[in-house]
2 protein chains.
Amino acid sequence: MHLSKRGEYGLRAMIMLAKAPVDEKRLTIGEIAREENIPAKFLEQILLSLKNAGLLQSKMGAGGGYYLARPPEQITLGEIKRTLDGPIAPIRCVSQMAYQSCGCPDEENCGLRLVMQDVRDAIADILDNTSLADVQARITN
Amino acid sequence: MHLSKRGEYGLRAMIMLAKAPVDEKRLTIGEIAREENIPAKFLEQILLSLKNAGLLQSKMGAGGGYYLARPPEQITLGEIKRTLDGPIAPIRCVSQMAYQSCGCPDEENCGLRLVMQDVRDAIADILDNTSLADVQARITN
DNA sequence: TTAAATTCTAGTAAAACAATAGGGTTAGTA
DNA sequence: TACTAACCCTATTGTTTTACTAGAATTTAA
């Protein structure tokens, strides 16, 4: 579960969007890039992916920008991470999204696989149960 | 916490060495490579790294081979994984082994960091508390 | 009409990954 | 003493992924 720059930047941007006051909830790429120290053209691609995944919405043209597609309580870090970095599982044979056999003779009794399944579940448990609102709550309290 | 081929092969080899009967505990690169379908020359490098990290011992020359440096109860998957794939943390700012600032203005109150810290701890908790003996126990029962 | 903004695709340099290659050293055995 | 089986060690190579960068097209507000 390495977090790439792509994933990191996307999560930071989403967290920033979640914390923006309701009346100015629409933020531009430039604003986010400046605040979070992210290369603007790179962030552009990332936000576009998040939009295509249905996590963001946007308004084009002057005065436009990005805003969350759903309230912060309903967007999890797991969704964001998967969108940007792909499956969460450490190895394909325990992936829910992108299962692929590892070629063991007997997968059911593969010790490595059983442990990696636990790891996957532990990570998914955190990421899929932490919403953008939960992230806010942890720092504002 | 992605598991690279290097990490996967190393873990499989260590698990195989842990399960070998005591009287024939010394296995050659060739034997392990054949049994686990691992390119032999790649495995060679991996076992050498594990040896240099103090997790394996070896005997050179004809009739030689590799064997665990400690009993299976005393070697954790965490040690093996770290040796072969480096730090377990998903992002450097929560790494115990290789900490590095991510450049936030206030790391203590960085929401992303707090969550990633939880993820790191969850992974490390599993890997550092699962020994090679524990892996055996899970499949032989 | 102009300027501010997103959209979309392509390209690229550097690093990481997954091997492969090959010569060197050690040790058992015929 | 050869010979052979095994580990030791370092370098190289091809592929893929990562982290950007570039630029042209489109939309919208003023």
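Below, read A as the first sequence line, B as the second, and so on, with proteins coming before strands; counting in each chain starts at 1.
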Under 4.0 Å protein heavy-atom contact, by nucleotide of nucleotides 24-30 of chain C - B base, S sugar-phosphate only: -BBBS--
Can you check the A:Arg26 CZ to C:dT6 C1' distance for me, whole Å? 12 Å
Do B:Asp134 and B:Ser131 have side-chain atoms, one donor and one acceptor, less than 3.5 Å apart? yes
Closest nucleotide of DNA chain D for B:Asn52 versus for A:Lys5: which of these residues is on the 5' side? B:Asn52
Same apolar cluster (I L V M F W Y, side chains within < 4.5 Å links), A:Phe42/A:Leu48: yes
Please check: side-chain N/O of A:Ser49 versus main-chain N/O of A:Gln45, any donor-acceptor pairing under 3.5 Å? yes
Residues within residues 89-97 of chain B bordering DNA chain C, heavy-atom distance below 4.0 Å: none
Heavy-atom nearest pair, A:Pro90 first then A:Val119, reads CG-CG1, 4.1 Å
Heavy atoms of A:Glu31 and A:Arg26 approach each other most closely as OE1-O, 4.1 Å
First and last nucleotide of DNA chain D in contact with chain B, 5' to 3', at under 4.0 Å to a heavy atom: what are they? D:dA5 to D:dA11
Contacting residues from residues 29-47 of chain B, given that a heavy atom lies under 4.0 angstrom of DNA chain C: B:Pro39, B:Lys41, B:Phe42, B:Glu44, B:Gln45
A:Leu27 has an atom CG; how far is it from atom C1' of C:dA5, in whole Å? 13 Å
Among residues 75-82 of chain B, which ones have heavy-atom contacts with DNA chain C below 4.0 Å? none
Under a 4.5 Å cut-off applied to non-hydrogen side-chain atoms, are B:Glu107 and B:Cys102 in contact? yes
Taking the side chain from B:Arg92 and the backbone from B:Ala98, do they hold a donor-acceptor pair closer than 3.5 Å? yes
I'd like to know if the side chain of A:Asn129 and the backbone of A:Asp125 have a donor-acceptor N/O pair within less than 3.5 Å. yes
Is B:Ser4 near enough to C:dA16 that one of its side-chain N or O atoms lies under 4.0 angstrom from OP1 or OP2? no
For A:Tyr66, enumerate each residue passing the ring-ring contact (aromatic ring centres under 6.0 Å, His included) test, keeping only those at least two apart in sequence or located in another chain. none
With rounding to the nearest 0.5 Å, note down the distance linking CG in B:Leu27 to CG in B:Leu17. 5.0 Å
Is the shortest heavy-atom distance from the side chain of A:Leu132 to the side chain of A:Leu77 under 4.5 Å? yes
Are any of the side-chain heavy atoms of B:Ser4 and B:Leu84 separated by less than 4.5 Å? no
B:Arg138 and B:Thr130: side chain donor to acceptor below 3.5 Å: no
Backbone N/O of A:Ile88 and side chain of A:Arg82: donor-acceptor pair under 3.5 Å: no
Keeping the roles fixed (side chain from B:Glu79, backbone from B:Thr76), state whether a donor-acceptor pair exists under 3.5 Å. yes
